[in-house]
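Okay, structure first, notes after.
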Amino acid sequence: MASISIRDIEIRFEAFQVLQGLDLEINSGEFIVLLGPSGCGKSTLLNAIAGLIDVADGEIWIGERNVTWEEPSDRNIGMVFQSYALYPRMTVEGNLSFGLRMAGVAKAEIEKRIARAAQILRIEPYLKRRPSELSGGQRQRVAIGRALVRDVGVFLFDEPLSNLDAKLRTELRVELKRLHQELGTTMVFVTHDQIEALTLADRIAVMNGGIIQQFDTPDDVYRRPNNRFVAEFVGSPAMNFFDGTVVTRGRSIGFEVRGGPTLDLDGYAFASRPTADARASLGIRPEQISLSKSDRSVSMPAIVNLVEPMGSDKLLWATAADTTMSLRTAPDFEVPLRQPIDVFFQASQASLFGENGERL
Ligand SMILES: Nc1ncnc2c1ncn2[C@@H]1O[C@H](COP(=O)(O)OP(=O)(O)OP(=O)(O)O)[C@@H](O)[C@H]1O
Ligand SMILES: [Mg+2]
């Protein structure tokens with residue numbers, strides 16, 4: 001187990017600056033997910049921690065050591081990639097032991113570590129098989145096992161589940177979480193899948209354009225996104241947004257929806273006091289909107305156009321203030337289609353963003 005400290009690093013590919021002045025402090029034993037769209041710099045950051053890419057500036061510390069200029073093999077890390085990269089001619093056992101044999105670890109110790117890793121990852125029945133005789137999920141477990149036997153302080157994963165089908169992905173996701181709970185090793189996991197991020201992470205670093213947009217618990221990322229990018233990137237279906245203006249009347253603050261009503265924002269925790277008549281957008285998640293009134297809820301007139309039954313709930317697509325929005329209801333709810341209705345939500349659960357996209 002080791003902490004990781006990324007201090008003001010800069011990474012360039014020739015003239016192209018991928019990361020600039022990036023800081024990240026990861027506690028020992030934490031499960032951190034780097035989440036962001038394709039090309040945002042997730043793999044670059046992970047590879048820099050691993051030592052596979054040099055930094056142009058800044059420092060990387062693992063535990064008490066400045067490893068910025070250390071070789072990957074000296075950093076006490078294990079890395080697992082999207083492609084399993086197993087040796088095809090070796091058995092599972094051979095794949096697991098290869099690195100240890102090269103490092104001159106004693107035979108008895110190698111056997112002990114392989115037995116333990118195989119048990120944790122449930123690959124004991126396959127030790128004598130070759131990679132081609134395994135399913136994708138089993139192969140990925142072997143790849144994880146190769147890092148596991150090395151007894152490292154930090155695990156780095158670059159989209160290890162994205163080559164697997166949906167069912168296997170879910171299974172292995174649960175196993176990774178169990179693995180982390182069992183080992184308590186520091187883990188950094190790259191994905192562009194928000195469900196993976198929300199379910200696995202102690203904290204998520206949401207990245208875009210080489211910049212960490214928010215570094216918070218899954219709950220805070222989901223409920224209190226720092227900016228419009230995070231709000232839009234996390235959540236499916238996406239958060240609903242209404243354009244409008246923040247209006248102040250004496251001590252109370254409201255939000256005048258463009259082409260709609262003025263909503264009382266009583267109960268909304270402003271990050272900073274907004275200026276009057278500031279243009280803004282109000283975001284509210286589909287599951288936070290209800291068709292029935294509750295204490296202190298605000299309301300908007302709407303029309304439901306379409307219903308999507310999802311099994312465990314129903315997704316309704318509606319129009320309110322000329323804006324398309326979605327909301328969730330119970331699966332047995334009888335939906336009034338194409339009639340004027342009211343939708344309700346709590347202002348305290350909403351997210352307001354200023355014109356620059358920052359949370360208000
Ligand atoms: N060796 C390289 N030479 C030049 N540019 C590179 C190199 N590697 C990555 N890049 C660029 O750096 C940016 C970040 O790449 P990176 O691989 O870190 O993205 P990512 O977030 O991992 O994306 P993905 O989800 O697609 O894997 C991209 O614009 C990419 O084109
Ligand atoms: Mg990548």
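Indexing begins at 1, ligand by ligand and atom by atom, following the structure's order.
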query: When you look for heavy atoms under 4.0 Å from ligand 1, do you find them on the side chain of T44, its backbone, both, or neither?
result: both
- line: Residue, atom and distance of the protein heavy atom nearest atom 5 (N) of ligand 1 read F13 CD1, 3.3 Å
- prompt: Under 4.0 Å from atom 28 (C) of ligand 1, is there any protein heavy atom?
  reply: yes
For V18, atoms of ligand 1 separated by under 4.0 Å from a heavy atom: 12 (O), 13 (C), 14 (C)
message: Using 30° and 60° as the class boundaries, would you call the ring planes of F233 and F229 parallel, tilted or perpendicular?
response: parallel
- request: Only heavy atoms count here, so choose which of G39, G36, A15 is nearest to atom 23 (O) of ligand 1.
  value: G39
- prompt: What orientation do F189 and F157 show, parallel under 30°, tilted 30 to 60°, or perpendicular over 60°?
  reply: tilted
- prompt: Backbone or side chain, does any N or O of C40 fall under 3.5 Å from an N or O of ligand 1?
  reply: yes
- prompt: Does even one non-hydrogen atom of M207 get within less than 4.0 Å of ligand 1?
  reply: no
- prompt: Just to confirm, does any protein heavy atom lie below 4.0 Å from atom 31 (O) of ligand 1?
  reply: no
- request: Please confirm if an N, O or S atom belonging to S43, backbone or side chain, lies less than 2.8 Å from the Mg ion (ligand 2).
  value: yes
query: Do any N or O atoms from the side chain of T91 and from the backbone of G94 form a donor-acceptor pair under 3.5 angstrom?
result: yes
- request: Measure from the side-chain N and O atoms of E232 to the backbone N and O of M239, and report whether any donor-acceptor pair falls under 3.5 Å.
  value: no
message: So does S43 get a backbone contact from the side chain of N47, meaning a donor-acceptor N/O pair under 3.5 Å?
response: yes
query: Does any N or O in the side chain of T323 come within less than 3.5 Å of the main-chain N or O of T319, such that one atom is a donor and the other an acceptor?
result: no
message: Only heavy atoms of S43, strictly under 4.0 Å: list the atoms of ligand 1 that pass.
response: 17 (O), 18 (O), 20 (P), 22 (O), 27 (O)
- line: Here the atoms of ligand 1 under 4.0 Å from any heavy atom belonging to E159 are 25 (O), 27 (O)
query: Polar-atom distance check: F16 versus ligand 1, any N or O pair below 3.5 Å?
result: no
query: Would E70 and R75 satisfy salt bridge (charged side-chain N to carboxylate O under 4.0 Å, His left out), going step by step from the backbone distance to the final call?
result: CA-CA 7 Å; E70 281 190 9; R75 295 190 182 198; 5.6 Å; no
- request: Tell me which protein heavy atom sits closest to atom 25 (O) of ligand 1, plus the residue, atom name and distance to 0.1 Å.
  value: K42 NZ, 2.8 Å
message: For atom 26 (O) of ligand 1, what is the closest protein heavy atom, and at what distance to 0.1 Å?
response: S38 OG, 2.5 Å
statement: Which of T185, V142, L179 passes side-chain contact (heavy atoms from CB on, under 4.5 Å) with L148? Answer is L179
query: With distance as the sole test, does S83 use its side chain to make a donor-acceptor pair with the main-chain N or O of A85 at under 3.5 Å?
result: no
